[in-house]
Amino acid sequence: MSITFRKLTEPTELQQVEALEGDVWNTEEVIPYHMTITIAKFGGLFMGAFDDDKMIGFLYSFPGYTHGEPHLCSHMLGFLPAYRKQGLGVKMKWLQREEALAMGHTKITWTYDPLETVNGILNIVKLGGIVRSYLPDCYGELDDEFNRGLPTDRFLVEWFLESHRVERLHDGRVQVPDEVKHAPEVLTYEMIDELPRPLDMRLDLQDPVLSLPVPAHFQEVKRRDMDTARAWRKMTSELFQSYMEKGYTVTYIVRDQDVVRYVLDKQPLPAILNASSRG
């Protein structure tokens with residue numbers, strides 16, 4: 001398979017984004033072309049992935065402004081089902097970084113559900129994004145297969161494009177020390193019928209590095225036991241918000257068969273972005 005990527009600037013290409021968005025998420029509620037073309041003209045960044053001449057994926061971002069700081073907001077990244085799980089999203093994001101730097105941006109932000117760990121591994125492990133903000137029920141009630149029945153809690157990812165942390169990952173240099181792999185856990189769980197279920201929270205830990213386990217396959221948890229899914233959402237929401245208020249930052253994810261463990265690091269931001277060892 002030979003997939004190419006490029007920045008989208010032509011009106012005909014931006015029109016394709018509208019149709020592709022509906023196909024990617026199986027919805028009729030898409031961003032209309034008149035908004036897409038306007039955003040592209042005034043600071044937005046649109047990118048497409050192509051299989052020959054067919055657009056099979058897209059990325060949509062626009063300029064934002066938070067706490068007096070300009071940055072690029074990355075709003076959507078999606079591929080047709082036949083092209084998923086092939087590493088194309090990583091390639092698209094690195095190209096987005098190049099284009100954003102050329103536009104003068106040094107940071108890109110976006111959101112994702114912290115219980116959707118495939119997205120977390122892309123955002124944090126492969127790209128080097130960090131998380132300092134938890135947004136409870138960010139989008140309100142959404143009636144789609146991924147969000148139905150739960151608050152739409154989200155992490156706000158910050159991708160510091162020129163940091164040593166990101167540069168290392170771009171160059172393929174990753175090293176995860178033992179203190180990250182064996183950090184104390186702030187949530188205990190049990191396995192019942194191969195399904196992880198949360199038990200108790202610990203809100204009083206003060207170690208420099210902590211670990212917060214979540215299900216490795218949250219959609220499967222939702223499918224089999226919605227009450228357990230709600231318990232995971234409630235407990236992780238409280239834990240993430242509590243520890244972030246104490247100065248912890250999500251810096252890494254350690255994968256296991258049944259759970260993945262978010263790493264919470266209490267180092268100051270400059271140390272996290274410029275450290276030579278932590279992933």
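- Side-chain rings of Phe240 and Tyr262 approach one another, their centers coming within less than 6.0 Å.
- The backbone N or O of Leu14 sits nowhere less than 3.5 Å from a side-chain atom of Thr36 that would complete a donor-acceptor pair.
- Counting non-hydrogen atoms of neighbouring residues, nucleotides and ligands closer than 6.0 angstrom, the CD atom of Glu69 exceeds 12 such neighbours.
- Arg132 places no side-chain N or O within 3.5 Å of a backbone atom of Thr249 that could act as its donor or acceptor partner.
- At least one test fails for Lys126 against the ring of Trp94: distance under 6.0 Å to the centre or angle within 45° of the axis.
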As a quick check of understanding, evaluate side chain to side chain contact (heavy atoms under 4.5 Å, CB included) for Val254 and Val260, giving each step before the final call. CA-CA 6 Å; Val254 179; Val260 303; over 6 Å; no
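- Under 4.0 Å is where a charged nitrogen must lie from a carboxylate oxygen, and between Lys54 and Asp51 no such pair does.
- When the shell of 6.0 Å around CD of Gln257 is examined, it contains 12 or fewer heavy atoms from other residues, nucleotides or ligands.
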Test Val209 against Leu264 for side chain to side chain contact (heavy atoms under 4.5 Å, CB included), laying out the working first. CA-CA 6 Å; Val209 180; Leu264 301 168; over 6 Å; no
Applying side chain to side chain contact (heavy atoms under 4.5 Å, CB included), run through Tyr139 and Arg154 and close with a yes or a no. CA-CA 9 Å; Tyr139 299 112; Arg154 296 292 186 265; 3.6 Å; yes
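- A salt bridge links Arg197 with Asp225: at least one charged nitrogen is closer than 4.0 Å to a carboxylate oxygen.
- With respect to Lys107, the side chain to side chain donor-acceptor pair (under 3.5 Å) criterion is satisfied by exactly one of Glu158, Glu162, His71: Glu158.
- Under a 4.0 Å N-O distance rule, the pair Arg233/Asp113 qualifies as a salt bridge.
- Ring-plane geometry between Phe155 and Tyr112 is classed as perpendicular, the angle between the planes exceeding 60 degrees on a 0 to 90 degree scale with a lower cut at 30.
- Geometrically, Lys246 engages Tyr243 in a cation-pi contact, judged by NZ or CZ lying under 6.0 Å from the ring centre and within 45° of the ring axis.
- Taking a 6.0 Å sphere around CZ of Arg255, one finds it holds 12 or fewer heavy atoms contributed by other residues, nucleotides or ligands.
- With respect to Arg6, the salt bridge (charged side-chain N to carboxylate O under 4.0 Å, His left out) criterion is satisfied by exactly one of Glu98, Glu99, Glu13: Glu13.
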